[in-house]
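Below is one structure, written out as structure tokens; comments come after it.
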Amino acid sequence: MIRSYVDHGLHGHAFRLFADMKSLRHHVRPDNYTFPCVLKACAGSDHLAGGLQLHGAVAKLGLDTDIFVGNTLIALYWRCGPSSDALRVFDEMPNTDVVSWNAMIAGYAQNGQCDRAIELCEKMVALQKPQPDAGTMASILPAMSNANRTDIHLVRKMFDEMGKKDLVSWNAMIATYANNSMSAEAVELFSGMEMAGVEPDAVTLASVLPACGDLLALSLGKRIHEFIERKRMQPNVVLENALMDVYANCGCLTAAREVFDGMTGKDVVSWTTMISAYGMLGHGTKAVTLFEQMRKSGLKPDPVAFISILSVCSRSGLLDEGKYYFKCMTECYHLVPRIEHYACMVDLLGRSGHIDEAYDFILKMPIKPNERVWGTLLGACRVHSNMEIGMIAADHLFNSVPEQSGYYVLLSNIYARAGRWEDVMQVRNLMMNKRIKKLPGCSNVELWNKVHTFHIGDRSHPQSEEIYEKLDVLMRRLKELGYVAETETALHDVEEEDKEGHLLVHSEKLAIAFVLINTTPKTPIRITMNLRMCGDCHRAVKLISSIAEREIIIKDTNRFHHFEHGVCACGDYW
DNA sequence: GTAGGGTTAG
């Protein structure tokens, strides 16, 4: 009876019934089954004092040696006590099991002590005593966002060595990949799960959908959507939000909106997703309208919602609206702006051409500007060819993140636009001396229910020969239309060359040629890439969209480019 | 009986 109350969040009822049980009237002595329940109620209601009292009673009855009691105490102290107490309980337990270890791992992971969490995991994997289980994988998950490859490898090892892989272990592995931008791996594992005959649940799907969006794996997204409807998994806010996200990230605004309109319980995430969907595809005013509708509906925009609306405003050049929302955030909602909000403001000012004001804004920020803030300013300087401030921004970046190749590329672009070739060469030499490697460009495209990846200059694809032939034909027609490759005038990113000194073909061109030779006319082409599109490819793809009569949607790391009839929706302004 | 998995922005 007590557990029923606890399971339904009725902690007060649970406490009263517990007191009643011990009272003179009933006089039933609580045992090792009772205490975990009541302790859980304390943890759930942040009632440390009650927990401490119970801990005392437990010790008096000699029940503190019970594994279940001990495990619950660990969770209680992680949740609302000093974490040292959790550690003490764990150390003093005469016997521990996998749950005790998992509780410790989860405690560390959820309290920002990722190294400790990973350490404990490593120990488990090494000792195999206790043997890690799905719960271990789930517990370590919070420590695995932005993890090193080695740590991800550790989780994978647990997964591979697990005897029987249940739903949760699959989910945890997929989420590990998804949280570390390893979308291809997440999607691949999802197919592995299907092949293993494990039926996905809402958690699986909500984890894998953003990865689909990331890869523009639209047909998989649609297939999952059908599955959700067939299994009647709606309403489920989290799942529906993820579904909206996949459509938004594949550039399917109408489909995203349909999901949004069909939702019964929209939360802030739902609105935010839809707002940024409009923003990403250049419908700034609609996004602003929606933001106001959200406010009218009584929902309070959270810090993420403000990041979204601010970035919508800067992408659409809505300068006044952006300034208003920055003010509104603090004055109407009493939110303290975070570094991301400041970065959005720098982007808003800089991108709209107010570079001096953006620089001034940075100097007056109450918190220390980070790499993202300076990087945003540098990006704006490239768009508006502002060399003076661009150099200041680059200086900050080269000092704080000297290994980040992208910023060298941006600076060299600024020089190139100004025709300062010696400076371009100097940046290139700087990169060589510091042994800075440019991140190799790669593009993903979905075809035949599979994601195909192309790297710069890739010749490993079975259809490689046809792809290059197709590209040749295309480039010849492009030249007839007056196109001159910028590679020839060196107005190109600091670029890799192959052994024979040829400039290598950028991956997005390879991906486009690949789709062109394998699909019927008019099929839209959707590509994602791991870098910003270079200006040369951007000009080429515009022309290809008109020659080949194809809608081409390219999502780069910065934004969507939607090419149709020879123009891009970004207005050549990115 | 105890622990643990999902969505948005940059």
Side-chain angles (χ1 to χ4, degrees), chain A residues 2-3 6-7 31-40 43 66-76 78-79 86 96-107 109-110 130 132-142 144 166-176 178-179 200-211 213 236-246 248-249 266-277 279-280 301-312 314-315 338-344 346-347 370-373 375-376 557-558:
Chain A
I2 293 172
R3 188 166 59 251
V6 178
D7 284 347
D31 64 5
N32 53 326
Y33 285 81
T34 324
F35 282 109
C37 276
V38 194
L39 284 166
K40 196 178 175 180
D66 183 89
I67 280 200
F68 286 85
V69 173
N71 292 348
T72 322
L73 281 169
I74 293 173
L76 169 82
W78 272 120
R79 182 78 187 260
T96 56
D97 64 2
V98 66
V99 175
S100 334
W101 285 65
N102 292 352
M104 288 303 292
I105 291 167
Q110 288 170 10
D133 66 357
T136 317
M137 293 181 62
S139 303
I140 194 70
L141 203 49
M144 283 288 153
D166 68 2
L167 180 63
V168 174
S169 35
W170 285 98
N171 287 357
M173 196 66 237
I174 290 172
T176 302
N179 293 344
D201 69 352
V203 176
T204 324
L205 302 179
S207 306
V208 81
L209 280 169
N236 177 329
V237 204
V238 176
L239 186 57
E240 288 164 299
N241 289 344
L243 204 48
M244 258 200 297
D245 175 63
V246 79
N249 275 311
K266 300 181 188 63
D267 63 5
V268 180
V269 177
S270 326
W271 288 87
T272 306
T273 305
M274 200 59 227
I275 288 163
S276 42
M280 269 193 296
D302 64 4
V304 177
F306 276 105
I307 294 170
S308 303
I309 194 68
L310 288 173
S311 74
V312 162
S314 72
R315 288 218 164 97
R338 305 200 296 228
I339 192 86
E340 295 95 329
H341 299 103
Y342 288 105
C344 285
V346 171
D347 195 41
N370 65 0
E371 175 216 334
R372 294 302 288 261
V373 173
T376 302
T557 47
N558 202 35

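Note on naming: letters A, B, ... go to the chains in the order of the sequence lines (proteins, then strands), and numbering restarts at 1 for each one. Small disclaimer: the values here were computed from a predicted structure and weren't measured.
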Q | A:His341 side chain to A:Leu310 backbone, donor-acceptor under 3.5 Å | A |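 Flag not set: sc A:His341 to bb A:Leu310 has no pair under 3.5 Å.
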Nearest to the side chain of [X], which nucleotide is it out of [options]?
X	options	answer
A:Ser311	B:dG10, B:dG6, B:dG1	B:dG10
A:Asn32	B:dG1, B:dT8, B:dA3	B:dG1
A:Gln110	B:dT8, B:dG1, B:dG4	B:dG4
A:Ala103	B:dG6, B:dT8, B:dA3	B:dA3
A:Ala134	B:dG4, B:dG6, B:dT2	B:dG4
A:Asp97	B:dG6, B:dT7, B:dT2	B:dT2
A:Pro36	B:dG4, B:dT2, B:dA3	B:dT2
A:Ala175	B:dG6, B:dT7, B:dT8	B:dG6
A:Arg315	B:dG10, B:dG4, B:dT7	B:dG10
A:Glu340	B:dA9, B:dT2, B:dG6	B:dA9

At under 4.0 Å between heavy atoms, what does [X] touch on the DNA or RNA strands: base, sugar-phosphate, or nothing?
X	value
A:Asp347	nothing
A:Ala106	sugar-phosphate
A:Pro210	sugar-phosphate

Q.
Does a side-chain N or O of A:Lys40 approach OP1 or OP2 of B:dT2 to a distance below 4.0 Å, or not?
A.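 True: A:Lys40 side-chain N/O within range (under 4.0 Å) of B:dT2 OP1/OP2.
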(Q) Quick check on B:dA9: is either OP1 or OP2 less than 4.0 Å from any side-chain nitrogen or oxygen of A:Arg372? (A)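 No, outside the criterion.
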**Q.** From CD1 (A:Ile339) to CD1 (A:Ile307), nearest 0.5 Å
**A.**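 A:Ile339 CD1 to A:Ile307 CD1: 11.0 Å, rounded to 0.5 Å.
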Q: Any chance you could measure A:Asp347, atom CG, to A:Arg372, atom CZ, to the nearest 0.5 Å?
A: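 With rounding to 0.5 Å, CG (A:Asp347) is 10.0 Å from CZ (A:Arg372).
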Take atom [atom1] of [X] and atom [atom2] of [N], then tell me their distance rounded to the nearest Å.
X	N	atom1	atom2	answer
A:Asp302	B:dG10	CG	C1'	14 Å
A:Ile275	B:dG10	CD1	P	12 Å
A:Met244	B:dA9	CE	C1'	14 Å
A:Ile307	B:dT8	CD1	P	13 Å
A:Ile309	B:dG10	CD1	P	12 Å
A:Asn71	B:dT2	CG	C1'	5 Å
A:Asp66	B:dT2	CG	P	12 Å
A:Leu310	B:dT8	CG	P	19 Å

Q) For A:Val203, what residues pass the side chain to side chain contact (heavy atoms under 4.5 Å, CB included) criterion, not counting sequence neighbours? A)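 Counting only residues at least two positions away or on another chain, A:Val203 forms a side chain to side chain contact (heavy atoms under 4.5 Å, CB included) with A:Asn171, A:Asp201, A:Ser207.
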Q | Any residue meeting side chain to side chain contact (heavy atoms under 4.5 Å, CB included) with A:Glu371, in chain and number order, not counting sequence neighbours | A |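 Partners of A:Glu371 under the side chain to side chain contact (heavy atoms under 4.5 Å, CB included) test: A:Leu397, A:Val401, A:Gln404, A:Tyr407.
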Q: Return the minimal non-hydrogen interatomic distance between A:Ser139 and A:Gly135, and the atom names on each side.
A: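 So the minimum-distance heavy-atom pair works out to OG-O, 2.6 Å.
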